[in-house]
Trainee: 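First, the structure itself, so that you have it in front of you.
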Amino acid sequence: MSTYVYGVTAASHPALPEGLAGVGEPPLPVRVLRAGDLAAIVSDTPENLRPKRRDLLAHQAVLGETGAAGCVLPMRFGSVAPDDDAVTGVLTERAEHYLERLRALENKVEYNVKASHVEEAVLHQVMADSPELRALAEANRQAGGGTYEQKLQLGEMVAAAVKAREAEDAAEIHRLLEPLSTGVEPGPESTGWLANISFLVDRDDAARFLETAEGLRASRPHLEVRVNGPLPPYSFVEPGPAKPAVPAAE
């Protein structure tokens with residue numbers, strides 16, 4: 001049977017809570033595999049593993065329970081290795097990497113920040129900031145809407161201004177939040193977001209980080225800012241001892 005991997009920790013990590021269970025229906029018992037100075041938190045892999053809500057929450061719960069007692073390098077949902085020997089083999093092979101990551105991530109959490117524009121508000125702002133756009137829009141209005149070419153020109157200029165503002169706002173988010181973190185990783189680009197950034201934050205600085213993010217949201221009404229966290233520091237761990245066999249919902 002294949003081995004499901006929740007995370008990697010130090011071999012000296014305190015014992016797991018009694019009766020801790022993870023993914024699967026019924027939930028499968030969680031156990032520890034040790035290799036030198038490292039240990040992997042694992043269970044058997046359930047049949048027909050899928051990113052169901054129950055299993056996603058179970059994966060998070062195991063990381064939450066074990067992480068409360070010390071640093072754990074979290075694996076993403078669905079990380080499966082062929083067997084126990086494959087897991088311990090990778091722990092041995094990449095021991096230096098995992099030990100360095102455990103030291104670096106001690107007392108750290110991840111916050112993912114996504115931002116998008118409030119369409120009406122940003123359009124109003126780019127028009128207010130550009131005399132050229134205002135003049136062209138007014139000329140079109142006085143001409144009964146303007147010709148097709150004039151409308152197209154105005155639309156292209158507005159789209160370019162909005163795109164430039166997206167880049168400016170993404171850079172501003174990075175500039176304000178990066179000093180409050182100890183690491184930054186860009187997330188995958190996706191439609192609808194002008195910024196998708198993960199920040200590694202010391203737990204002692206978390207309140208200040210969240211306060212700054214809230215201030216960013218309040219002072220820029222044309223921005224929608226979403227902060228997700230605290231999370232296990234997924235973005236600062238890879239590669240892991242097992243590869244995700246199934247995708248996880250975000």
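Worth knowing before you read on, the calculation uses all heavy atoms, side chains too, and leaves out hydrogens, waters and symmetry mates. When a residue number appears, it is its place in the shown sequence, counting from 1. The shown structure was predicted, so the numbers you read here are calculated from the model rather than taken from an experiment.
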Trainee: Can you tell me which residue pairs pass the ring pair (Phe, Tyr, Trp, His ring centres under 6.0 Å) test with a partner in residues 201-223, sequence neighbours excluded?
Mentor: Tyr111-Phe209, His117-His222, Phe199-Phe209
Trainee: Tell me if a side-chain donor or acceptor on Thr3 pairs with a main-chain N or O of Ala81 at a distance below 3.5 Å.
Mentor: no
Trainee: Looking at Glu211 and Arg208, is any side-chain nitrogen of the basic one under 4.0 Å from a carboxylate oxygen of the acidic one?
Mentor: no
Trainee: Counting distance only, does the side-chain N/O of Tyr4 pair as donor-acceptor with the main-chain N or O of Gly78 below 3.5 Å?
Mentor: yes
Trainee: Do Pro233 and Arg101 have side chains that get closer than 4.5 Å, going by heavy atoms?
Mentor: no
Trainee: Between Glu25 and Lys52, is the closest basic N to carboxylate O distance under 4.0 Å?
Mentor: no
Trainee: Which pairs pass ring pair (Phe, Tyr, Trp, His ring centres under 6.0 Å) with one or both residues in residues 8-36, sequence neighbours excluded?
Mentor: none
Trainee: So, using side chain to side chain donor-acceptor pair (under 3.5 Å) as the criterion, who are the partners of Thr88 when residues are at least two apart?
Mentor: none
Trainee: Which pair of non-hydrogen atoms, one from Asn112 and one from Asn196, has the smallest distance, and what is that distance?
Mentor: ND2-OD1, 3.0 Å
Trainee: Kindly check if the number of other-residue, nucleotide or ligand heavy atoms within 6.0 Å of CG (Asp37) is above 12?
Mentor: no
Trainee: For Glu214, check side chain to side chain donor-acceptor pair (under 3.5 Å) against everything at least two apart and list the hits.
Mentor: Arg217
Trainee: Is a side-chain N or O of Glu65 found less than 3.5 angstrom from the main chain of Pro17, in a donor-acceptor match?
Mentor: no
Trainee: Let me have the donor-acceptor pairs involving side chains of residues 159-168, under 3.5 Å, with sequence neighbours excluded, atom names and distances please.
Mentor:
unit_1: Arg165; atom_1: NE; unit_2: Glu168; atom_2: OE1; d: 3.2
unit_1: Arg165; atom_1: NH1; unit_2: Gln125; atom_2: OE1; d: 2.1
unit_1: Arg165; atom_1: NH2; unit_2: Asp129; atom_2: OD2; d: 2.8

Trainee: What pairs with Gln60 under side-chain contact (heavy atoms from CB on, under 4.5 Å), at least two apart in sequence or on another chain?
Mentor: Leu63, Pro232, Tyr234
